[in-house]
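In listed order, ligands and their atoms are each counted from 1.
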Amino acid sequence: MKKFYVTTPIYYVNDVPHLGHAYCSVACDVLARFKRLDGYDVMFLSGTDEHGQKIAKAAAKAGIEPQALTDKVSQNFRDVLKALNVSNDDFIRTTEERHIKACRVLWDELLKRNELYLGKYAGWYAVRDEAYYGEDELKDGPNGKKIAPSGAECEWVEEPSYFFRLSAWGDKLLKFYEENPDFILPHSRRNEVISFVKSGMHDLSVSRTAISWGVPVPNEDKHVMYVWLDALTNYLTAVGYPDTQAESYKKYWPADMHVVGKDILRFHAIYWPAFLLAAGLEPPKHIFAHGWWTCEGEKMSKSLGNVIDPYGLIEKYGLDQTRYFVLREVPFGNDSDFSHAAMVRRINSDLANGIGNLAQRTLSQIAKNCGGAVPKHGEFTDADKGLLELAQGTLVLLQQEFEVLAFHKALDLIWALIAHADRYIDEQAPWALKKTDAARMETVLYVLAETLRHIGCFLLPFVPEKAGMLLDQLAVAADRRDFAHLTDACALETGTPLPAPQGLFPRYVDEEA
Ligand code: MSP
């Protein structure tokens, strides 16, 4: 069986889960569900990033122990995944024993291979990003502060530290990017990584002595691991590392797709493959960097009070409406601005008037005029064949778009099929055939029901509940909803009783407007 290992970033436990976090989790969920339907054995991982200075500071500010903070906030992230109907197979916490063990074994491996050495770090560090910055990257801020390109404030740090020989990996990384042109996706992001590597790499500080909230370095009491080395290792831990003979490790590693925000691409596309290659492990196949959401034109931030709460969206607009909107509104990879007006537009035009209306028109005519059962089809005309062939041909196009996580284009393809079906129903006018040619009316409604079966299966990854409802209304059994069951263009069996049709997507009427 083909396998697919997909991961979200692990979320810092100093924040409340917001739209930005939900976005990535939903996107990975859509991908994981698509691959499962497409016959892959999928491993889908999410989790929380719980060590480091930022978390230690947040705990101190809250007046509690870091472990107590992480227990509480990690659960919030777990809960929001559930609320979003995210189907992750595992949820990892970096404070778990299995992970601490994996980090320490990886460390020993790097040490054994002479990839680490003890030195002293003297330079700039941004706690918000948990990142080291070179002097040349910084700008002067107010009150003599130094500001990183991300906008984070930097502090001067001097401490004994272990270093990873990153400077020796520049050329090998460049060769790796050249040999794997699809490693960094979308392709538009590739150059920024390559030019950063070309500009010259410094050795990377990978342990800290000024803080103690982290994975202890083996045989070095005073050092804890740099939080990014710890965090990235989560992708290995979850499939069984350090047991490289474990079934799950042999099956799933290397990861097929790490989905991350553009702000953390450097860690994933530079440090991560360098650590892995240095430890003699295979690097992941692809890193996809998505864009950022702003809210009504402003950066979302706790202090501005404009952080978008996923629970609020689900409550106001519905779960599947929310999932659909975030993936339809912009190409995955681009930045986007959230606005309630855009959300309402999408719900009403694409969902209520688009798929909702097509399903309603077809299913209510079947209920009324075909005795509430799958109609009988006669010989197919060119128009019938045209629609069925489009439905059949859509799968391979969707598979291509999913290879590069072009969710908006995948949805475009499904909506092109819906538009074709809308034209077909208008042209064939089954309601008029009722009196003149009942047999032809049944054929037309059969073709539409089959098209809806295809659409239902294609929509399952995006809107699992609503697509499930649509397939229920077509009496498609739960074990016949995967893409293998689309090889047959006419799988619906004439005479199968259908439940009474129910609306899928109501129009959104803004009561406050
Ligand atoms: N803990 C690290 C990731 C370690 S992965 C080995 C981290 N955590 S985070 O909680 O700060 O961010 C998690 C993800 O949320 C990142 O991919 C980040 O890009 C994403 N987002 C945070 N705010 C966002 C928006 N406003 N919009 C879209 N995504 C955003 O980084």
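Here the heavy atom of the protein found nearest to atom 10 (O) of ligand 1 is Tyr12 N, 3.1 Å. Closest to atom 26 (N) of ligand 1 among all protein heavy atoms lies Trp293 O, 3.1 Å. The single protein non-hydrogen atom nearest to atom 18 (C) of ligand 1 is Asp263 OD1, 3.5 Å, given as residue, atom name and distance. Here the heavy atom of the protein found nearest to atom 15 (O) of ligand 1 is His21 CD2, 3.6 Å. Protein heavy atom in closest approach to atom 23 (N) of ligand 1: His18 CE1, 3.3 Å. Ranking the protein heavy atoms by distance from atom 30 (C) of ligand 1 puts Trp292 CE2, 3.6 Å first. Looking only at protein heavy atoms, the nearest one to atom 16 (C) of ligand 1 is Ile264 CD1, 3.9 Å. The protein atom (non-hydrogen) at minimum distance from atom 17 (O) of ligand 1 is Gly261 N, 2.8 Å.
The shortest N or O to N or O distance between His290 and ligand 1 is not below 3.5 Å. Between Ile10 and ligand 1, an N or O atom pair is found at a separation short of 3.5 Å.
In the vicinity of Gly291, heavy-atom distances shorter than 4.0 Å reach the ligand 1 atoms 28 (C). Near Met300, with a cut-off below 4.0 Å to any heavy atom, the atoms of ligand 1 are 26 (N). For ligand 1, the atoms lying closer than 4.0 Å to a non-hydrogen atom of Ala231 are 6 (C). Heavy-atom proximity to Tyr235, at under 4.0 Å, picks out these atoms of ligand 1: 5 (S), 6 (C). Per-residue contacts place Asp49 under 4.0 angstrom from the following atoms of ligand 1 (heavy atoms of the residue considered): 1 (N), 2 (C), 4 (C).
You'll find the ring centres of Phe267 and Trp228 inside the 6.0 Å limit.
Salt bridge annotation for Glu329-Arg346: present, with a cationic side-chain nitrogen under 4.0 angstrom from a carboxylate oxygen.
Distance alone, capped at 3.5 Å, is enough to place a donor-acceptor pair between the Lys466 side chain and the Leu504 backbone.
Counting only N and O atoms by type, the side chains of Asp230 and His99 include a donor and acceptor under 3.5 Å apart.
Minimum heavy-atom separation, Glu50 to Ile55: O-CG2, 3.4 Å. Here the closest heavy-atom approach between residue Leu327 and residue Ala27 is recorded as CD2-CB, 4.0 Å.
Applying the ring pair (Phe, Tyr, Trp, His ring centres under 6.0 Å) test to pairs two or more places apart or on separate chains, those with a residue in residues 52-81 are Tyr11-Phe77, His21-Phe77.
In this structure, Glu130 has no heavy atom closer than 4.0 Å to ligand 1. Under a 4.0 Å heavy-atom criterion, Phe267 is not in contact with ligand 1.
Within the 4.0 Å heavy-atom criterion, neither part of Lys299 lies near ligand 1. At a heavy-atom cutoff of 4.0 Å, ligand 1 is contacted by the side chain of Trp228 but not by its backbone.
Between Ile414 and Leu459, some side-chain heavy-atom pair lies under the 4.5 Å cut-off.
The aromatic rings of His340 and Phe338 lie perpendicular to each other, with more than 60° between the two planes, well past the 30° mark.
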Step-by-step ring pair (Phe, Tyr, Trp, His ring centres under 6.0 Å) determination, Tyr132 to Tyr121:
CA-CA 10 Å; Tyr132 301 95; Tyr121 181 74; 4.8 Å; yes
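Under the rule for a salt bridge (Lys or Arg N to Asp or Glu O under 4.0 Å), the partners of Glu403 that lie at least two apart in sequence or sit in another chain are Lys35.
Atom CG of residue Asn76 and atom CG of residue Asp71 lie 11.5 Å apart, to the nearest 0.5 angstrom.
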